[in-house]
*Asks:* 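Quick one: structure below, then a few questions.
Heavy-atom basis, side chains included; hydrogens, waters and symmetry copies ignored. Because the structure is a prediction, the values reported are computed rather than measured.
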Amino acid sequence: QMTANDRIISLVRPEYIENIPSFTRDHAKSCTCGFIAREYPELYSRFEADTEPNEQEKQEMAMIVNELFRERLDKHHV
């Protein structure tokens with residue numbers, strides 16, 4: 001069974017993940033998911049549930065998580 005973090009990270013564009021150095025990739029993923037859990041607790045809880053999030057929730061989460069990764073990649077010039 002997928003965890004909430006697995007479900008969220010699966011929405012990230014593959015090139016964003018590939019651009020993160022492998023030694024810091026897990027840290028980047030867990031920190032990003034932790035940030036989402038704090039800032040968007042209701043949406044995050046839908047990804048923790050046993051039922052699959054609906055299409056609108058997936059789209060909203062995809063927009064949030066990809067924007068966070070893009071911002072952080074830009075900030076670190078990756």
Side-chain angles (χ1 to χ4, degrees):
Q1 183 176 344
M2 289 178 76
T3 67
N5 290 3
D6 292 335
R7 287 178 173 171
I8 292 167
I9 294 301
S10 74
L11 300 171
V12 177
R13 293 168 59 175
E15 62 267 28
Y16 288 168
I17 301 294
E18 291 162 12
N19 282 331
I20 300 169
S22 58
F23 64 87
T24 189
R25 203 169 283 159
D26 288 343
H27 173 74
K29 291 177 185 178
S30 63
C31 287
T32 300
C33 290
F35 177 84
I36 291 170
R38 288 189 307 277
E39 297 297 315
Y40 305 92
E42 285 184 26
L43 183 59
Y44 185 87
S45 71
R46 288 295 301 123
F47 284 75
E48 287 181 304
D50 290 336
T51 56
E52 193 71 15
N54 67 39
E55 236 9 80
Q56 182 181 347
E57 290 163 339
K58 286 181 187 176
Q59 285 178 355
E60 185 179 353
M61 182 62 80
M63 191 180 74
I64 292 166
V65 74
N66 281 291
E67 181 64 18
L68 287 170
F69 270 94
R70 190 187 62 74
E71 285 174 5
R72 289 172 179 178
L73 287 169
D74 288 350
K75 177 182 163 189
H76 294 291
H77 310 290
V78 178

*Asks:* Sequence neighbours left out, cut at 3.5 Å: what donor-acceptor pairs do the side chains of residues 34-44 make with other protein atoms?
*Replies:*
from, atom 1, to, atom 2, distance (Å)
Arg38, NH1, Gly34, O, 3.3
Tyr44, OH, Asn5, OD1, 2.6

*Asks:* List the atom of Phe69, the atom of Ala28, and the distance in Å for their closest heavy-atom pair.
*Replies:* CZ-O, 4.3 Å
*Asks:* With sequence neighbours excluded, what pairs up with Glu55 under the salt bridge (Lys or Arg N to Asp or Glu O under 4.0 Å) test?
*Replies:* none
*Asks:* To the nearest 0.5 Å, how far apart are CD in Glu67 and OH in Tyr16?
*Replies:* 7.5 Å
*Asks:* Nearest 0.5 Å, what's the CZ-CG distance between Arg70 and Leu68?
*Replies:* 10.0 Å
*Asks:* Using salt bridge (Lys or Arg N to Asp or Glu O under 4.0 Å) as the criterion, list what pairs up with Lys58, not counting sequence neighbours.
*Replies:* Glu52
*Asks:* State which residues pass salt bridge (Lys or Arg N to Asp or Glu O under 4.0 Å) with Glu15; sequence neighbours excluded, sorted by chain then number.
*Replies:* Arg13
*Asks:* So does Glu71 have more than 12 non-hydrogen atoms from other groups sitting under 6.0 Å from CD?
*Replies:* yes
*Asks:* Would you say the side chain of Pro53 lies within less than 4.5 Å of the side chain of Arg7, judging by non-hydrogen atoms?
*Replies:* yes
*Asks:* To the closest 0.5 Å, what do you measure between CD (Glu60) and CG (Asn54)?
*Replies:* 9.5 Å
*Asks:* Please name all residues satisfying side-chain contact (heavy atoms from CB on, under 4.5 Å) with Arg46, sequence neighbours left out, ordered by chain then number.
*Replies:* Ala49, Thr51, Glu57
*Asks:* Just distance, no hydrogens or angles: give the donor-acceptor pairs under 3.5 Å from side chains in residues 20-27, sequence neighbours left out.
*Replies:*
from, atom 1, to, atom 2, distance (Å)
Arg25, NE, Ile17, O, 3.1
Arg25, NE, Ile20, O, 3.2
Arg25, NH2, Ile20, O, 2.8

*Asks:* Name all residues meeting the side-chain hydrogen bond (donor to acceptor under 3.5 Å, both in side chains) criterion together with Asn66; count only those two or more places apart in sequence or in a different chain, and write none if there are none.
*Replies:* none
*Asks:* Return the set of residues passing side-chain contact (heavy atoms from CB on, under 4.5 Å) with Met63 (not counting sequence neighbours), or none when no residue passes.
*Replies:* none
*Asks:* Which heavy atom of Cys33 sits nearest to which heavy atom of Ile8, and what is that distance?
*Replies:* SG-CG2, 4.1 Å
*Asks:* Applying side-chain hydrogen bond (donor to acceptor under 3.5 Å, both in side chains), name anything that partners Glu18, two or more places apart in sequence or on another chain.
*Replies:* none
*Asks:* Under the side-chain hydrogen bond (donor to acceptor under 3.5 Å, both in side chains) rule, collect the residues that match up with Ser10, sequence neighbours excluded.
*Replies:* none
